[in-house]
Novice: 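Supplied in structure tokens, the structure appears directly below.
Below, each value reflects all heavy atoms present in this structure, side chains not excepted, and no hydrogens, waters or symmetry copies. Since the structure is predicted, the reported quantities are computational estimates derived from the model, not experimental observations. Proteins get letters first, then strands, A, B, ... in listed order; numbering begins at 1 in each.
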Amino acid sequence: MALMGRCGLICAVVLAGCIGTIGDGGQDGATSVDPELVPTRDLARLTTAEYFATVRDLLGDESLPVFEILPADARTPFDNEVLEQVASQGLIDAADYLAERAADQLIADPARRDLIVGCSPSGPADETCLRSFVTTFGRRAFRRPLTTEEIDGYVLGPEGGAGALGYAIEANDFDTAVHSVVWSMLQDPAFLYRVEIGTAVDGQPGIFKLTDFELASRLSYFIWGSMPDDMLLDRAGAGALGTPEALHEETLRLLSDDRAVARIARFHAMWLGYELLPHTAELSGAMKAETDALVKRVIFDEKLPWQRLFTFEETFVTDFLAQSYGLAAPASAAGGWVPYASSGRAGILSHGSFLSIGAKFNDTSPVQRGLVIRERLFCHDIADPPPGVDVDAPVMPANTVCKVDRFASHSQGGCATCHRQIDPLGFGLESYDQLGRFRTHEPDNPDTPDDESQCAIEGRGEFEQGVFQGPAELGKLAVDSGLVTDCLSQQLYRFVSGRFDLDGVDRRVVRAINERVGDPSFTFGDLVVEVVSHQSFAYRSTE
Amino acid sequence: MGRLELKRRTILKGIGGALLALPALEVMSSRPAAAQQAPRRLVIIYGGMSKAADGRADLLTPDTVGPDYDLKRAALALGSGALPSNPGVGGMGYDVKQHASIVSGLKIPWDTGGGIPAGGKSPEFHYNSIGPQLSGVRGGPGRQEEPNGPTADQIVAGQIGADTPFPSLSLRVQAASYVGTNSTGGSSARISWRDDGNGGLDAIDPVFSPQLLYSTLFSNFIPPDPTLAKAAELRSRRHKSVVDLVRRRTEALLPSLGSEDRARMERHFEEIRALEKRLAAVPPVGGSCQQPSDPGDDPPLEGAAIEYEGAGGGGVGYSNEELRAQLLFDMVTMAFACDLSRVAAVRMTFTQSHMQMNDLIGYPNDIHSLGHNSDEQGVADGLGWHVKHFARLLSLLRDAKELDGSSLLDHTAVVLLLEGGYGYDPEGDRSDAAHSTENMVGLIGGHAGGLLPNGGKHVVLGDAHPAQVVLSAMNAVGVAEDTQTLGEVSGRIEQLFS
């Protein structure tokens, strides 16, 4: 699958002009890198998900209990916030344990072991085969070639230490050496972290150009959430990533891989908050499949403008989910696309996955929905509630029954400043419950003596872009206003950089990428290409 | 799993032979535990619950003051009678009432307009009561959860744990954050913070995997079978070589990094060095020290909800936290018996936890909803599950023996603290709230350093700080006896020593 992004379409003739800033200043020592557009990058550790994917691609092992052992990553909303990554005893022990277990599982699987080792040892003392393994496996594990000194360190041991070869001879077993190498490499900082050092740019103190191998890792972890494949490493090794054209080509190649589909689906899930859903396994699975299918269809299968995620007229449902929503059954019980028609639904905001967000006390929370739309979808900053406001308790003022009346207290006094930005957005989705089902009246709350089921839901929302009724109209307003497309660039940049709080340079870079991507009807592939081709992707500055 | 369910792969009788099989250098490096006085140990347990639900009765605090205190539903595990017949709390009590005291009448003060008071917190709840309790230092503004001072377990670890392979064990029972507005991991999952030496704090991620804890604590034991011992000894040497190489390579990487990255990598490096030291240690043997059997793979992480239409009904994930709790506390006990560690901090549940309690209380609900939306028995059984593991740990320690034949519990202090109490909530301006740090309760057990010399009792105080319970435990293990201070909180609870 070749994903031809907007830049690819438009810039076929003027490719260098479109993405020409990548190599400026780096290829020939010229000093044309704009320091105002070179952000700092913190040393990023592989997230739990990246660790899992990397071991899968490195060793062909998907059975390592990574999520059960490694400390969980905090969500901000993404899982790769560098400042949240703590190197404590739990991490070190987990890395040691998983590395040994990965080595155990490799040795226990001769076919996989032979594939990974890549040579047939003549005996326990076959140093040539061991060096070959350390060289090839080390390059893949560390995403860069090993120096001779490093290879010696693994084979013969560091000065005063013991190496893998000696242990293999002692145990009379070549596998012992392979095991030791895997055990060691998988807990090495060169594996656990994405080390980016680069080379200093002449005449520009504090500016460093990533090496081709560092650039290859940055690219593959952005698009795949995993290590570079052999082809990408080979191209890095050949110096073939140094031109804008080559990097563009690699970007498109990586985007055409299924790993990109999973990675981009996960980006959307973390961003919009439906990575984990509070339902039964069957319902959560069906909702997640619905949204992942839309992301795949719009971004990868049909390469439609990304904003179509919010206006798409069909949805992918199983019989079970269609029944839950009250939609027509799909052609296949296992799942299929059905039209929304005039149901008032359209796009991702109609999905149960999104509408589940922030549900509290067995009902929707207009505040939480509104907050997610403001902060996550529009990238607006909403102040924290002031001290003295219990955000955890149900809104239950005396002498009120219906939700709209209960929440009226939010429009008074100091609460109004923030809540009038939030609540009207949430109330515009009130006709859809926390499972995404259409409703006309509130559910009865068994914990109150009142009958809330008598309360009709108007479902009318409002914000500065207009009045809306339900997710289809909200999605259209969000798209037409450009709010979601502008915010996407910012959120994607956060995801790429592993940093939620953006500084002045970061914001300039986001603005520059937005300007370069231009027309809001860009495809997601266009945006990825623009992010990768911007000089900020190939350089770093010191803090 | 019954009590003290460590399925011991017995090496106790053969351990002498195993030690003889070790290289002389390692034997010489083993600590002469038999010659030492039994060390003191500390366990701090923290639960993300308040002692009662909004507007509901308190089924934890006894009515009776003094030694013959009554056991309400949430505290029944301290006694010897039958427990509520819920899945996670059923069976019989652990008969440890004589070893445990309940301290009530505790309070974390809050900012009433003049700034956050010493040892106090901002008016917000859920996020920030852990810091003042465990560090004794006033919290930060708003919803800051991270404490502003090192936690007691780390202070104690620096003084009584430094000579052990694991100066402290930071653990968590709840396996995952599941779904919740604050249950996003990060600080809400932690229980330990230590002084970083530069005026700041290092957060410590807790271990939540019994399998990982087993591997790190007990994988260095040498089995008695000669063939297995030889393989284990080779593995042990290879392990040291592996970590030695990682340590050297990490050190070599440091100079090439910028200052901020280098600071982060230096912490990584220090942790590798600590691992290297742990690998060099050989556990002493004797008493109840034995290698437990490998617990095997952890229970799977489960994040799905349960179909339920009744009242409450919240709760998303449950990854067999009951089994996890048993295994983790089993291993804490054995780590103490083997003097692998002397300090443990165990976070049972997250702040605002959305862990599904169906298997523990008998119907679907999560811990958070129990505090706001439940019957009295439901919240009592949720609390009771926390108390059960406090009681069970006391019983494990009571039954485990030191080299001199005395009970480990005689040299240990165990504290259980809860996120909240019951009373006035400045955030919601109501007087019957679970979101209150008034009327808090702390449980403390064990007899280290003269603690509870005449058995357990119910001690009622007048708005003492819960960190004073922690400070009392610290004193019991010989820490802060001169300063009588934890952070900004002073004064141990003398009734616990009389």
Novice: Using non-hydrogen atoms and a 4.5 Å limit, figure out which bit of A:Val82 sits close to chain B: side chain, backbone, both or neither.
Specialist: both

Novice: Select one option (side chain, backbone, both, neither) describing which atoms of A:Ala164 are under 4.5 Å from chain B's heavy atoms.
Specialist: neither

Novice: Do A:Phe52 and A:Phe67 have ring centroids that are under 6.0 Å from one another?
Specialist: yes

Novice: Just by distance, with hydrogens left out, do A:Asp104 and A:Trp183 show a side-chain donor and acceptor under 3.5 Å apart?
Specialist: no

Novice: Can you list, pair by pair, the side-chain donor-acceptor contacts under 3.5 Å of residues 249-256 of chain B, counting residues two or more places apart and other chains?
Specialist:
unit_1, atom_1, unit_2, atom_2, d
B:Arg249, NE, A:Tyr154, OH, 3.1
B:Arg249, NE, A:Asp188, OD2, 2.4
B:Arg249, NH1, A:Glu150, OE2, 3.0
B:Arg249, NH2, A:Glu150, OE2, 3.3
B:Arg249, NH2, A:Asp188, OD1, 3.4
B:Thr250, OG1, B:Val246, O, 2.6
B:Ser256, OG, B:Leu253, O, 2.7

Novice: Which bit of B:Leu275 comes within less than 4.5 Å of chain A, counting heavy atoms only: side chain, backbone, both or neither?
Specialist: side chain

Novice: With a 4.5 angstrom heavy-atom cut-off, could you sort out which part of B:Arg235 is near chain A: side chain, backbone, both or neither?
Specialist: both

Novice: Which word best sums up how the rings of B:Tyr424 and B:Trp110 line up, parallel for under 30°, tilted for 30 to 60°, or perpendicular for over 60°?
Specialist: tilted

Novice: Highest number of heavy-atom pairs under 4.5 Å with chain A: which of B:Leu169, B:Val207, B:Leu212?
Specialist: B:Leu212

Novice: Scan side-chain atoms only and decide if B:Asn365 and B:Gln356 contain a donor-acceptor pair under the 3.5 Å cut-off.
Specialist: no

Novice: If you measure only the distance, is there a donor-acceptor pair under 3.5 Å linking the side chains of A:Tyr167 and B:Ser241?
Specialist: yes

Novice: Answer with side chain, backbone, both or neither: which region of A:Leu70 has an atom nearer than 4.5 Å to a non-hydrogen atom of chain B?
Specialist: backbone

Novice: Is it true that the side chains of B:Glu124 and B:Ser122 contain a donor and an acceptor less than 3.5 Å apart?
Specialist: yes

Novice: Tell me, out of A:Ala94, A:Ala190, A:Pro189, A:Gly90, who's got the most heavy-atom pairs with chain B below 4.5 Å.
Specialist: A:Pro189

Novice: Pick one of side chain, backbone, both or neither for A:Thr76, based on which atoms fall under 4.5 Å of a heavy atom in chain B.
Specialist: neither

Novice: Do B:Ser209 and B:Asp298 pair up side chain to side chain, a donor and an acceptor below 3.5 Å, judged on atom types alone?
Specialist: yes

Novice: Which one of B:Leu257, B:Leu234, B:Asp244 has the most heavy-atom pairs closer than 4.5 Å to chain A?
Specialist: B:Leu234

Novice: Should B:Arg430 and B:Asp432 be marked as a salt bridge (charged side-chain N to carboxylate O under 4.0 Å, His left out) after you check the CA-CA gap, both sets of side-chain angles, and the distance that decides it?
Specialist: CA-CA 6 Å; B:Arg430 59 184 288 186; B:Asp432 60 350; 2.8 Å; yes

Novice: Can you check whether B:Arg172's main-chain N or O pairs, donor with acceptor, with B:Arg347's side chain at less than 3.5 Å?
Specialist: no

Novice: Given a strict heavy-atom distance threshold of 4.5 Å, which part of B:Asp202 is in contact with chain A: side chain, backbone, both, or neither?
Specialist: neither

Novice: Excluding sequence neighbours, so at least two apart, what forms side-chain hydrogen bond (donor to acceptor under 3.5 Å, both in side chains) with B:Arg238?
Specialist: A:His179, A:Ser180

Novice: Quick check on A:Glu275 against chain B: is it the side chain, the backbone, both or neither that has a heavy atom closer than 4.5 Å?
Specialist: neither

Novice: Among B:Leu245, B:Ile204, B:Ile272, which residue forms the greatest number of heavy-atom pairs with chain A at distances under 4.5 Å?
Specialist: B:Leu245

Novice: Measure B:Phe269 against the heavy atoms of chain A and call it side chain, backbone, both or neither at under 4.5 Å.
Specialist: neither

Novice: Please look at B:Arg267 and chain A and tell me whether the side chain, the backbone, both or neither of the residue comes under 4.5 angstrom of a heavy atom of that chain.
Specialist: both

Novice: For A:Ile197, which atoms come within 4.5 Å of any heavy atom of chain B: side chain, backbone, both, or neither?
Specialist: side chain

Novice: So which part of B:Ser192 gets closer than 4.5 Å to some heavy atom of chain A, the side chain, the backbone, both or neither?
Specialist: neither

Novice: Would you mind checking which part of A:Glu100 comes under 4.5 Å of any heavy atom in chain B, side chain (CB onward), backbone (N, CA, C, O), both or neither?
Specialist: side chain

Novice: Using non-hydrogen atoms only, which part of B:Phe125 is less than 4.5 Å away from chain A: side chain, backbone, both, or neither?
Specialist: neither

